[in-house]
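Report on one structure; see the data block that follows.
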Protein chains: 2
Amino acid sequence: MILVNQKQIARELGISIATVSNALTGKGRVSADVIQLVTARAEELEYFPSAAGRALKTGRSGILGLVIPDITHPVFPDFAHGVETEAEKCGYGILIADSRGTEAGQKTAIDQLIQRGVDGIIIIPTRSSNPNTSKVPTAIVSTPTDPKSNVAANHRQGGQLSAQTLFDLGHRNFLLIGEDPMSPVQNERIDGMKDILDGAAKFEIYWANEEFPDLVLKAKEGVTACLAVSDLLALRVITEAGRLGVRCPDALSVIGFDNLPLGTAVRPTLSTIMPDTTELARRAVGYLNSAIRQDSDQPSSSVVEMGIILRESTQKITQPTQQGD
Amino acid sequence: MILVNQKQIARELGISIATVSNALTGKGRVSADVIQLVTARAEELEYFPSAAGRALKTGRSGILGLVIPDITHPVFPDFAHGVETEAEKCGYGILIADSRGTEAGQKTAIDQLIQRGVDGIIIIPTRSSNPNTSKVPTAIVSTPTDPKSNVAANHRQGGQLSAQTLFDLGHRNFLLIGEDPMSPVQNERIDGMKDILDGAAKFEIYWANEEFPDLVLKAKEGVTACLAVSDLLALRVITEAGRLGVRCPDALSVIGFDNLPLGTAVRPTLSTIMPDTTELARRAVGYLNSAIRQDSDQPSSSVVEMGIILRESTQKITQPTQQGD
DNA sequence: CTATGATGATTAAACGATTAATCAAGAATA
DNA sequence: TATTCTTGATTAATCGTTTAATCATCATAG
């Protein structure tokens, strides 16, 4: 608990504080011997520069804020993890704040972060809100169709990939399942699926919040593939099918989104579409970092493509015939 | 981006900086009128005290560190969320660091946090490590059997609750499923189950990492209930059963641990055991807070009980008879 | 009328690091 | 020899806030 500061090192070595600072930061003019001496002593004493002292003088805290709607939702920790590792590479720490999905919560979260002196903020905005952040550099991670977005995953292309993959496996009769028809993300994913299927295959859309399809009936009608907008929804489809006797993936192929941990626990293991979260995080941190440094030549908006992870739940169609009884 | 500090307020009001500080913090001697004047002007200018300036002078940053093994694992975000809200109540922000499950990662994470000037650290240690944190107040969140633990969830009692609940529903032939036989947490949960079942019912233990039971065979042998040490494992049991035609919960009741989001998505919805994470977080933050303030009269270790959430996957036994063919 | 107190505000010194300005001394140049 | 350059180090100011010490003023007590 005892403090080791530059003053102490300077005193012990009989030199000035400024020289210590210069030696440690590599600025100014210091002889090689003194640098050697200072760094050695600093090492010995386990000296760490005071974050507060440095922040006060330089006006930079070395901390980024991350505002997410709900840390409990399994989509976000993955991104948070990516941001954390990317930030560390740039010498930043991250302060996480939960906006609880509300616009008021988002506002207080942002204020809190600013008050704590963060150098910049990465925001995943709550449903179509307009975070006011004139006071500090900001990177907004949203959807490609959101004009405020600085970084986004290409949900529509993800939807296309989902549909195209199953189409290529021979499926021609689809069930598209969303959860909340008001969600922009889910709509973009569904739109992407429609891009591929319109005119090329039969399909129906259900929103689980309103009505969940009767899988036995649908199987009788010839449906062989189900494209869900999330892994949680896909899980519901798989287990619902299991209890109803619709065999998966033999009778029904299923694919989700987000690559949640449950995807490898469920049987059959779940195929899924997801963005490269590391890349997403890299761009968000990179954008923010150059905004902080005021590098002007930075793209104001970028979109990262989604990829696919094929597991057991998606299969080549066996015979495009009716099943059930 | 323009700075509002005490100096500016002082200048505008024609008074000294010290008076501004005293007026805003309520210390020293300031007349009621001046306090009124200062706070009003501060409000207008949207003044926020500089975190760096204050931290430098007071030696306290108002930030707590939270070290978790893997933010991606769905168990932790729930706790992190609790810590974040509890910390906020005490006026702290939290800096999250991921130790990546390794002891080296844990060490660097802790060093990083100290370097950033946190006032204290909450650590969920990686598997039986001994975090060295002599430099800063620390709260360790581990298991009741870990002597270093300051706060813990009662995993053994959770295991008891799991077994007792199914026993009370009439089950007498159990499958206990763990994942990793080296995990202290999982062993404590299994031990709790054994506390109840030993001598009172038939049971078998499987470790999924080594061998997953043949559910059809087990059902034939009369097993009617499966106690898993985690929701992910329970999910695997439910879906594996589903594809093998072992009906759940009619033929097999299943219960897990941790109350993951997937529990309400899977069909049948999953019964689960979990600690009150809010309470867990409250105690961790409370313990740390008083350690920081050096309140000596604080219990050095406390244990929080686990509760149960009953959903569809656990049922009263219908008939304790063989099924299958 | 002077000594004492209470009140309200100011001065000035920290906290720890950074950095522009300065200075001393030896080397190179005229 | 006098002058300029270079090198290596020091001084001192600064960031924004807190806080002990000081001071002025006016009221009260002696």
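We name chains A, B, ... by the order of the sequence lines, and we start the count at 1 in each one.
- Residue B:T58 places no side-chain N or O under 4.0 Å from the OP1 or OP2 atom of C:dC15.
- No side-chain donor from either of B:E86 and B:Y92 sits under 3.5 Å from a side-chain acceptor of the other.
- In this model, the phosphate group of C:dA9 is not approached by any side-chain N or O of B:T19 to a distance below 4.0 Å at OP1 or OP2.
- The phosphate of D:dT18 has OP1 or OP2 within less than 4.0 Å of a side-chain N or O from B:R54.
- Put simply, CD1 on A:I9 is 15 Å from C1' on C:dT18, counting in whole angstrom units.
- Evaluated for a side chain to side chain contact (heavy atoms under 4.5 Å, CB included) with B:V20, the options B:V34, B:I9, B:V30 yield exactly one hit, B:I9.
- Contact between the side-chain N/O atoms of A:S50 and the OP1/OP2 oxygens of C:dG16 is not found at any separation under 4.0 Å.
- In this structure, B:R11 places its CZ atom 17 Å from C1' of C:dT10, rounding to the nearest Å.
- If you take CG of A:N22 and P of C:dT18, they are 9 Å apart, rounded to a whole angstrom.
- B:K27 has a side-chain polar atom (N or O) that falls below the 4.0 Å cut-off from OP1 or OP2 of D:dT19.
- OP1 or OP2 of C:dC15 lies within a sub-4.0 Å distance of a side-chain N or O belonging to A:K7.
- The interatomic distance linking B:L56 (CG) with C:dT18 (C1') rounds to 12 Å, in whole Å.
- Across the protein-nucleic acid pair, B:K57 atom NZ and D:dT14 atom P stand 19 Å apart, rounded to whole Å.
- Across B:V67, B:L66, B:V118, B:L64, a single residue satisfies side chain to side chain contact (heavy atoms under 4.5 Å, CB included) together with B:L95, and that is B:V118.
- If you find the closest nucleotide of DNA chain C to B:I17 and to A:I17, the one lying nearer the 5' end belongs to B:I17.
- A donor-acceptor pair shorter than 3.5 Å cannot be found between the side chains of A:S129 and A:E103.
- Going from atom CG of A:L24 over to atom C1' of C:dA17 covers 11 Å, rounded to whole Å.
- One finds no side-chain N or O of B:Q8 lying less than 4.0 angstrom from the OP1 or OP2 phosphate oxygen of D:dG16.
- Each of B:G53 and A:S16 was assigned the nucleotide of DNA chain D with the nearest heavy atom; the assignment lying further toward the 5' end belongs to A:S16.
- Taking all atoms of both residues into account, the shortest heavy-atom contact from A:L288 to A:A139 is CD1-N, 3.9 Å.
- A:V20 comes within 4.0 angstrom of no nucleic acid atom, judged by non-hydrogen atoms across all strands.
- B:Y47 has its OH atom 7 Å from the C1' atom of D:dT17, to the nearest Å.
- Across all strands, B:S31 comes closer than 4.0 Å only to sugar-phosphate atoms, never to a base (heavy-atom distances).
- The distance between atom CG of A:N5 and atom P of C:dC15, rounded to the nearest whole Å, is 8 Å.
- For A:S21, no side-chain nitrogen or oxygen approaches OP1 or OP2 of C:dA17 to under 4.0 Å.
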